[in-house]
Number of protein chains: 2
Amino acid sequence: MSESEQSFLNTYNAADYPIVLLSVDAVLLTYHEDRLKVLLVERASHPAIGCWALPGGFIDQRADNQLEDAAMRSLKNKTGVAPPYIEQLGAFGSADRDPRGWSTTVAYTALIPYAACAAHIDSVSDSQWFDVDRLKTLKLAFDHQRIIEAGIERFRQKALYSLVTARALAEPFTLYELRRVHELLIGKTIQRKSFLRRIESSGVLKETGETKVIDKGRPAMLYKTRPGIDDYRFVRNIDG
Amino acid sequence: MSESEQSFLNTYNAADYPIVLLSVDAVLLTYHEDRLKVLLVERASHPAIGCWALPGGFIDQRADNQLEDAAMRSLKNKTGVAPPYIEQLGAFGSADRDPRGWSTTVAYTALIPYAACAAHIDSVSDSQWFDVDRLKTLKLAFDHQRIIEAGIERFRQKALYSLVTARALAEPFTLYELRRVHELLIGKTIQRKSFLRRIESSGVLKETGETKVIDKGRPAMLYKTRPGIDDYRFVRNIDG
DNA sequence: ACTGATAAGTGTCAAAGAGACACTATTATT
DNA sequence: AATAATAGTGTCTCTTTGACACTTATCAGT
C-alpha cells in the first residue's frame, strides 16, 4: 500500500458519509405433508413488531467475515438451524422498504428437511413453518413477501433442470416425495417414468436397497443423495 | 403505523450502530473484433488510486430510489452509458475487500453494443474496454477481478439457453457475429445449423431482408432483435 | 466472362431424451 | 384368495440436437 493511500485511510471516517442500513435474511423452504413451507420468525422488536418475518439480522463486524457468515449466524441464532449449504438469492434495497431509512438486505435461500429444525421450533413459539400458499393471509414485515416469492421462483427454475430439490427431504426418501416437491414448485404433474429416467441418468441419487410402504400399495424404493447433487444440471428442462 | 413504533422511530438513529459500506458496481460486457470485452474506469481517488475498476459508486439517498437506480446513475456518470436493461449479479461483501472497512457491493451486469459508449470513451482516457482474457495482466481494484468472472459466468450460462447475447451487438447483426459471442462465452464451437434452428424456433430475432458481405464469401443475412428476447429460454441447452 | 476460393445457408440422417400410456409387481385389506 | 392401490417397467412416438455433406452467392485474379 502506498504512503498516500495510508494517509488517506488514517483520516477516513465512514461516519462522515451518509449512512445506509444493510441486513441479511434467509428464505428457508421445505416440504412437509404435501405442502411447501417457509420458515418465519415473529419480530420481537420495532419496527414491524409482532409481524412474521424472515430470519435475519445485521452484520456483526467482529463475528462475520463475509455476508454468508452473517446469514448463517443470524439463522442459527433465531431458528437453531444450520443448513449445510446456502445460496445467495439477491440484494433488495430501496429508500422505502424499511421505515428506519434507506435500507438493503442481502437474501440467502436454501432447502432443508422439515425435521432439521423441528426440535427448536417446538421449544419456542416465535419461529414456525408456514404454507407458502397461506402467506397472503399473513402480515409480513418489510418486503419479505416479495423476497419469499423470489426464493420460490429460484427453486421453481431449479426444479426444471436439477435435483437440488432433494435437499428439502430427510434421507432416505422415496421418488414419490421428490417428485411431489418438483410438482409443487412447477405447478404441473410430472410423468413418473420421465422423472425416474432423469434420476437414473443423473447419477446423483443412489438406492439404499431398502423399501418402505407409505400407506398402501407396493413398497417404494428409498434413495439417498450423492455428492454431486448441488451442481448437477440436466441439459434439457422437464416439462416447464 | 402504531404509536409505539412511531416513538421508536423518533428516537432511532442509524449512526448509533456500527457502520458498513455499501456500494454498487456494473460489469458491462461487449463483443468487438472477435473478443469479449469489459468496461473499466481508472480510479481517480483513494483507495486503489490509479487502478482499473468497475464503474460504480455509493448510494445517493436523494437521487436513488432503488439499488438499480444507483447502479444506472453511477454508470451514466462515469462512462456515459445508459444500457436499456441491467440485471443484478449479486452482492459481494466481506471484512477485507475494501481497506476502509467492512464493505459490500451490489454488482449489476449487462451486455451492450461496443459502439454504445464509443463516443464517450474516445473523449476521455479514464474509461476503456479491456479484453477479458487480458485481465490477469491488469491490476484491478478490490475484488473486481472476481466480480467480473461472476459476470462472465452468468452470461456463459445464459448463452447455453437464451439469446440475450444479442444485446452485445449493434443491430443489425449477422448470425456469424451472434454465434461467435456464444462460442467465446461457452468456449466451444457451435454447429451453424443447430444455431440457426434454435434462432428460427425461438422467434425472438427477425431478418431485416438486407444482407452484408463481411470480407469474402456469400453475403450474410442481417437480423434484429424482437421484444421477447430478454426472457426467452430454450428448454434444452446447446452443447455445453 | 470464367474459375477457384471462401463463407453463408440447407437437407438429411442418426442419437438422445421426453411425454404418453399401458402393463407388471408388490403390498394391505377384506 | 380376491381386490384395490400404488410402485416400477416396456415401449412407441415426437422433438431437438450434432454431424456433415451439399448448394448458393460473393470476391479476386486471370
Side-chain angles (χ1 to χ4, degrees), chain A residues 33-34 157 159-163 165-166 169 172-183 186-224 232-240, chain B residues 33-34 159-163 166 169 172-183 186-224 232-240:
Chain A
E33 291 177 346
D34 210 45
Q157 289 300 328
L160 296 175
Y161 60 75
S162 91
L163 296 173
T165 43
L169 301 172
F173 49 83
T174 66
L175 291 195
Y176 173 80
E177 295 167 310
L178 184 55
R179 187 162 53 87
R180 280 303 287 159
V181 176
H182 282 252
E183 289 181 343
I186 297 172
K188 276 191 173 184
T189 59
I190 297 172
Q191 293 274 340
R192 283 178 329 199
K193 180 69 181 192
S194 302
F195 196 65
L196 177 61
R197 266 191 303 231
R198 285 165 75 89
I199 282 168
E200 283 176 344
S201 75
S202 75
V204 297
L205 294 184
K206 67 162 180 280
E207 298 185 11
T208 64
E210 313 280 291
T211 61
K212 180 182 156 195
V213 178
I214 304 297
D215 180 30
K216 50 195 168 182
R218 178 172 170 172
M221 302 281 209
L222 290 170
Y223 288 82
K224 289 190 176 184
Y232 187 83
R233 286 171 152 254
F234 295 98
V235 293
R236 184 167 163 180
N237 283 0
I238 205 162
D239 198 26
Chain B
E33 291 177 346
D34 209 46
L160 296 174
Y161 60 75
S162 90
L163 296 172
L169 301 172
F173 49 83
T174 65
L175 291 196
Y176 173 79
E177 296 167 310
L178 185 55
R179 187 162 53 88
R180 281 303 288 159
V181 176
H182 282 252
E183 289 181 342
I186 297 173
K188 276 191 175 186
T189 60
I190 297 172
Q191 293 275 339
R192 292 187 333 249
K193 180 70 181 194
S194 301
F195 196 65
L196 176 61
R197 267 190 303 231
R198 285 165 75 88
I199 282 167
E200 283 176 343
S201 74
S202 75
V204 297
L205 295 184
K206 66 162 180 280
E207 297 184 12
T208 64
E210 313 281 292
T211 61
K212 180 183 157 196
V213 178
I214 304 298
D215 179 32
K216 50 194 170 185
R218 178 172 173 174
M221 302 278 209
L222 290 170
Y223 288 82
K224 289 189 176 186
Y232 186 83
R233 286 171 154 253
F234 295 98
V235 293
R236 185 167 164 181
N237 283 0
I238 204 162
D239 198 26

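Numbers restart at 1 for each chain; the letters A, B, ... are given by sequence-line order, proteins then strands.
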Asks: Calculate the interatomic distance between B:Met221 atom CE and C:dA7 atom P; express it in whole Å.
Replies: 19 Å
Asks: Work out which heavy atom in A:Phe195 is nearest to a heavy atom in A:Leu175; give both atom names and the distance.
Replies: CE2-O, 4.0 Å
Asks: Return whichever of B:Arg179 or A:Val213 has its heavy-atom-nearest nucleotide of DNA chain C closer to the 5' end.
Replies: B:Arg179
Asks: What integer distance in Å separates B:Ile190:CD1 from C:dA8:P?
Replies: 14 Å
Asks: Should B:Ser194 and B:Asp239 count as side-chain neighbours, where that means a heavy-atom distance under 4.5 Å?
Replies: no
Asks: Determine the minimum heavy-atom distance between A:Leu160 and A:Arg198, stating which atoms define it.
Replies: O-NH2, 3.0 Å
Asks: Taking the basic N atoms (NZ, or NE/NH1/NH2) and the acidic carboxylate oxygens, is any pair closer than 4.0 Å for A:Glu200 and A:Arg197?
Replies: no
Asks: Within the modelled atom types, does a donor on one side and an acceptor on the other bring the side chain of B:Lys193 and the base of C:dG11 under 3.5 Å apart?
Replies: yes
Asks: Once you round it to whole Å, what is the distance between C1' of C:dG11 and CZ of B:Arg197?
Replies: 10 Å
Asks: In whole angstrom, give the distance that lies between atom CG of B:Leu175 and atom C1' of C:dA7.
Replies: 13 Å
Asks: Would you name the heavy atoms of A:Glu183 and A:Ile190 that are closest together and state the gap between them?
Replies: OE2-N, 2.8 Å
Asks: Rounded to whole Å, please give me the gap between CD in B:Gln191 and P in C:dC13.
Replies: 17 Å
Asks: Select from B:Arg192 and B:Arg198 the residue whose nearest nucleotide in DNA chain D is closer to the 5' end of that strand.
Replies: B:Arg198
Asks: Calculate the interatomic distance between B:Arg180 atom CZ and C:dA8 atom C1'; express it in whole Å.
Replies: 16 Å
Asks: What heavy-atom pair brings A:His182 and A:Ala159 nearest, and what distance separates the two atoms?
Replies: ND1-O, 3.0 Å
Asks: Check the distance between C:dG19's P and A:His182's NE2 and give it to me in whole angstrom.
Replies: 13 Å
Asks: Would you grab the first and last nucleotide of DNA chain D (5' to 3') that comes under 4.0 Å of any non-hydrogen atom in chain B?
Replies: D:dT16 to D:dT26
Asks: Please tell me which of A:Lys216 and A:Ser194 maps to the more 5' nucleotide of DNA chain C, matching each residue to the nucleotide holding its nearest heavy atom.
Replies: A:Ser194
Asks: Expressed as a whole number of angstroms, how long is the span from B:Asp239:CG to C:dA16:P?
Replies: 14 Å
Asks: Need one value for A:Tyr176: base, sugar-phosphate or nothing, where a base atom within 4.0 Å counts as base even if backbone is also close, heavy atoms only.
Replies: sugar-phosphate
Asks: Is the shortest heavy-atom distance from the side chain of A:Leu196 to the side chain of A:Lys193 under 4.5 Å?
Replies: no
